[in-house]
Participant: 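Please see the structure below; I have some questions.
Throughout, protein chains are lettered first and strands after them, A, B, ... in sequence-line order, and every chain is numbered starting at 1.
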Amino acid sequence: MADKQFYITTAISYPNGAPHIGHAYEVLATDALARFKRLDGFDVMFLTGTDEHGQKIQQTAARQNRTARELVDEMAPLFQEMVRSLGCSNDDFIRTTEPRHYATVQALWKRMEAAGDIYLSKYAGWYSVRDEAYYAEDEIEDREGKKYSTKTGTPVEWVEEESYFFKLASYQEKLLALYESQPDFIGPNERRNEILSFVKGGLQDLSISRTTFDWGIPVPDAPGHIMYVWVDALTNYLSATGWPDAGASRAKYWPADLHVIGKDIVRFHAVYWPAFLMSAGLPLPKRVYGHGFLFNRGEKMSKSVGNVISPASLIETYGVDQVRYFFLREVPFGQDGNYSHEAIINRINADLANDLGNLAQRSLSMINKNCEGRVPVPGAFTPEDHEILAAADAILAEARSHHDVQAINKALDAIWRVVADANRYFAAQAPWGLKKTDPERMGTVLYVTAELLRQFGILTQPYMPTAAPKLLDLLSIPADQRSFASLAKRLSGGVELPPPAPVFPRYVETEAEG
RNA sequence: GGCGGAGUAGCUCAGUCGGUAGAGCAGCGGAAUCAUAAUCCGCGUGUCGGGGGUUCGAGUCCCUUCUCCGCUACCA
């Protein structure tokens, strides 16, 4: 049991502005992965948080005439509230401004320094504050006397500073060996190929300290130097385990099993991060997975286009479980996805209200009216009964294999294929017609259907942490019989059920909306 | 410029070792009435981006070409 641990993380959010759908998507998907593992018997640690240092925060705060500290203390709770409102089950929320994080980052730095991988040199070049990146002479252009990055269009300024460097170049071979020996270190495959070609193309040493601003973690024994964003931010995954305190209660969780991140920061997680850890002599995470981006009707969400929708308003409009279900089912995790009001409604009504919700409602109300509100005691099963139950029994193994590669939408497809089968089963058996002709057979059909609902209820808990338990409540399933281990134990006949109530309401368009 | 990926039914996409093109959604018709106007059944003649080639036979292999996307590099 001690070996069945699972440490999963999201990237930490940069709280320079309010949380948006991208933040919500990443954390809700990671939550589904974490919940699945918990239900599957793992001792899970699920971490998310905020990355609160850097020049952008400092400048935003300055514009508002206050300190960076004041700014992040106001912003971080917005992210915590978003995570909470999405029904997420994170075990911790780390902020990079916390003392525990400072301690870990500085310890990691010292380890890398002791390994001989850090040296002092000088860095000069065109720096974009917004991108937090340096650009070469030919990567910038002159526009009305000012310099801009040709790549991102952001303003750049000439910066010359003393900087500590990390000997990244010397890790090229070790990294390639890592990708070779651990083929699933990077997912999905497209991202792996990109990283592979990037590293094969040669690595340069990395500047890992800054002296031009001071909102960051100080470099040990180097006044004036603060740490580069990625040394600081990536290390949060380690900080939450209490490292370097080997006696910390969470020390056992390292190395992380899965870092869930956006596809834009795969390089930092798949190149820099393992190199830092190798340097410090620490075990490496098992896998890094880069998910795609979400677009509103094919367009990137932006204030100028006027299609900005906050996670909070989505939840308010559709409901938290519905929002979670939609994004997890509709978008293949790892690919970019689209969302629109129409698409969300279609999923809510077709999959949740019609297919699953209505199946529950029609079968449970028949039990309520015709079986004294108790789970019927089934008679002998027919081949049809065995077949549909076998289909349900097969879901877990398939869902598991999809979750192993973060193919969340495929796991949901697998469940809903059987939901569709269950509707066909119910229609074919037509228990309402058996009421007078063969009440015992009717009871058996209703029993089988209730058992299928139990399976669906248990299996959908990772995705819909509010609605799925409601469905299980309607079946009087005790709290301690809701894990995947309980899937194999059939519903017991004779148990009293509460009156049925709709679990997934239809979304009805109101006049005002249109 | 280099590397990689993708172009298949109105929409989103599956198509394993080459063997007469599939699913879901939407649409049309029917059945049923237990149920959240829900459910079930039936209905798809698609230049599989274009062109050429290999093969008895190619969406599936090879060449070429067009378009889109990602990563990356960049010319004195």
Participant: Applying a 3.5 Å limit to both distances, which nucleotide forms a Watson-Crick or G-U wobble pair with B:U16?
Facilitator: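 Per the H-bond distance test, none.
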Participant: For the side chain of A:Phe198, counting heavy atoms from C-beta on, which of B:C13, B:G70, B:U72 is nearest?
Facilitator: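 So the side chain of A:Phe198 is nearest to B:U72.
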Participant: Give A:Val445 one of three labels, base, sugar-phosphate or nothing, depending on what nucleic acid heavy atoms sit under 4.0 Å from its own.
Facilitator: nothing
Participant: Fit a plane to each ring of A:Phe381 and A:His386, take the angle between them on a 0 to 90° scale, and name the class: parallel (under 30°), tilted (30 to 60°) or perpendicular (over 60°).
Facilitator: perpendicular
Participant: Counting heavy atoms from C-beta on, name the nucleotide in B:U72, B:C34, B:U39 closest to the side chain of A:Trp432.
Facilitator: B:C34
Participant: Can you tell me how far P of B:A37 sits from OH of A:Tyr507, to the nearest Å?
Facilitator: 17 Å
Participant: Just to confirm, is there a sub-4.0 Å distance from OP1 or OP2 of B:U12 to any side-chain nitrogen or oxygen of A:Asn338?
Facilitator: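 The answer is no; no side-chain N or O of A:Asn338 sits under 4.0 Å from OP1 or OP2.
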Participant: Under 4.0 Å, heavy atoms only, any strand: does A:Gly201 hit a base, just the sugar-phosphate, or nothing?
Facilitator: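 Nothing, no heavy atom under 4.0 Å.
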Participant: Just the rounded figure in Å: distance from C1' of B:C34 to NZ of A:Lys435.
Facilitator: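 That distance rounds to 7 Å.
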Participant: Describe the nucleic acid contact of A:Glu190 in one word from base, sugar-phosphate, nothing, applying a heavy-atom distance below 4.0 Å.
Facilitator: nothing
Participant: Which nucleotide, B:U72, B:C40, B:A35, lies nearest any side-chain atom of A:Ala427?
Facilitator: B:C40
Participant: I need the CZ-C1' distance between A:Phe327 and B:U12, as an integer number of Å.
Facilitator: 16 Å
Participant: Are A:Asp257 and A:Lys37 ion-paired here, with the side-chain N under 4.0 Å from a carboxylate O?
Facilitator: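 No salt bridge links A:Asp257 with A:Lys37.
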Participant: Considering only B:U39, B:C40, B:U36, which nucleotide approaches the side chain of A:Gln361 most closely?
Facilitator: B:U36
Participant: Just how far, in rounded Å, is C1' of B:A23 from CD of A:Glu330?
Facilitator: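 Nearest whole value for this atom pair: 15 Å.
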Participant: Write down the distance between CZ (A:Arg347) and P (B:U12), rounded to a whole number of angstrom.
Facilitator: 13 Å
Participant: Paired with B:C40: which nucleotide, if any, by Watson-Crick or G-U wobble criteria at under 3.5 Å for both distances?
Facilitator: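 Here B:C40 is engaged in a pair, and the nucleotide opposite it is B:G30.
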Participant: Using atom P of each nucleotide, how far apart are B:G44 and B:A21 to the nearest Å?
Facilitator: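 My reading of the P atoms in B:G44 and B:A21 gives 14 Å.
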Participant: Is any side-chain N or O of A:Asn358 under 3.5 Å from a base N or O of B:A35, one able to act as donor and the other as acceptor?
Facilitator: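 Result: at least one qualifying N/O pair found.
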Participant: For the residue pair A:His341 and A:Tyr507, is the inter-centroid distance of their aromatic rings smaller than 6.0 Å?
Facilitator: yes
Participant: Quick one: A:Tyr425 OH to B:U39 C1', roughly how many Å, whole number?
Facilitator: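 To the nearest whole Å, that distance equals 15 Å.
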Participant: So which nucleotide from B:G70, B:U39, B:C41 ends up closest to the side chain of A:Arg191?
Facilitator: B:G70
Participant: For a quick check of understanding: with a heavy-atom distance under 4.0 Å over all strands, which category does A:Lys369 fall into, base, sugar-phosphate or nothing?
Facilitator: sugar-phosphate
Participant: Write down the distance between CZ (A:Arg417) and C1' (B:G22), rounded to a whole number of angstrom.
Facilitator: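 So the CZ-C1' distance, A:Arg417 to B:G22, works out to 14 Å.
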Participant: Return the 5'-most residue of the pair A:Arg329, A:Pro431 with respect to RNA chain B, ranking by each residue's nearest nucleotide.
Facilitator: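 Between the two, 5'-proximity favours A:Arg329.
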Participant: Using 4.0 Å as the upper bound for N to carboxylate O, is an ion pair formed by A:Glu194 and A:Lys263?
Facilitator: no
Participant: If you assign A:Asp355 and A:Asp351 each to the RNA chain B nucleotide with the nearest heavy atom, which residue ends up on the more 5' nucleotide?
Facilitator: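 Taking each residue's closest nucleotide, the earlier one in sequence belongs to A:Asp351.
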Participant: With both distances under 3.5 angstrom, what nucleotide forms a Watson-Crick or G-U wobble pair with B:G70?
Facilitator: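 When the pairing criteria are applied, B:C3 turns out to be the nucleotide that pairs with B:G70.
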Participant: Specify the separation, in whole Å, of atom NZ of A:Lys200 and atom P of B:A73.
Facilitator: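 Value for this atom pair: 16 Å.
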Participant: Counting only side-chain heavy atoms from C-beta out, which of B:C25, B:C71, B:A38 sits nearest to A:Glu194?
Facilitator: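 It is B:C71.
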Participant: Regarding A:Asp421 and A:Arg424, does a basic nitrogen lie under 4.0 Å from an acidic carboxylate oxygen?
Facilitator: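 Looking at A:Asp421 and A:Arg424, the cut-off is met.
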Participant: Taking the P atom in each of B:C66 and B:C25, what is the distance between them to the nearest angstrom?
Facilitator: 39 Å
Participant: Checking contacts here: which listed nucleotide (B:C34, B:A38, B:C40) is nearest the side-chain heavy atoms of A:Met366?
Facilitator: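 It is B:C34.
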Participant: With heavy atoms under 4.0 Å as the rule, sort A:Asp336 into base, sugar-phosphate or nothing.
Facilitator: nothing
Participant: Taking the side chain of A:Asn346 as heavy atoms from C-beta outward, which of B:G70, B:A38, B:C25 is closest to it?
Facilitator: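 Comparing B:G70, B:A38, B:C25 against the side chain of A:Asn346, the answer is B:C25.
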Participant: Dump the intermediate steps for ring-ring contact (aromatic ring centres under 6.0 Å, His included) on A:Tyr171 and A:Phe166, then the final yes or no.
Facilitator: CA-CA 10 Å; A:Tyr171 283 89; A:Phe166 174 74; 5.6 Å; yes
Participant: Tell me what A:Ser365 touches on the nucleic acid: a base, only sugar-phosphate, or nothing, going by heavy atoms under 4.0 Å.
Facilitator: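 Contact class for A:Ser365: sugar-phosphate only.
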Participant: Classify the side-chain pair A:Thr30/A:Thr10 by whether it contains a donor and acceptor separated by less than 3.5 Å.
Facilitator: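 On atom types as modelled, these side chains do not qualify, holding no pair under 3.5 Å.
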Participant: Below the 4.0 Å mark, does B:A37 have OP1 or OP2 next to a side-chain nitrogen or oxygen of A:Arg506?
Facilitator: no
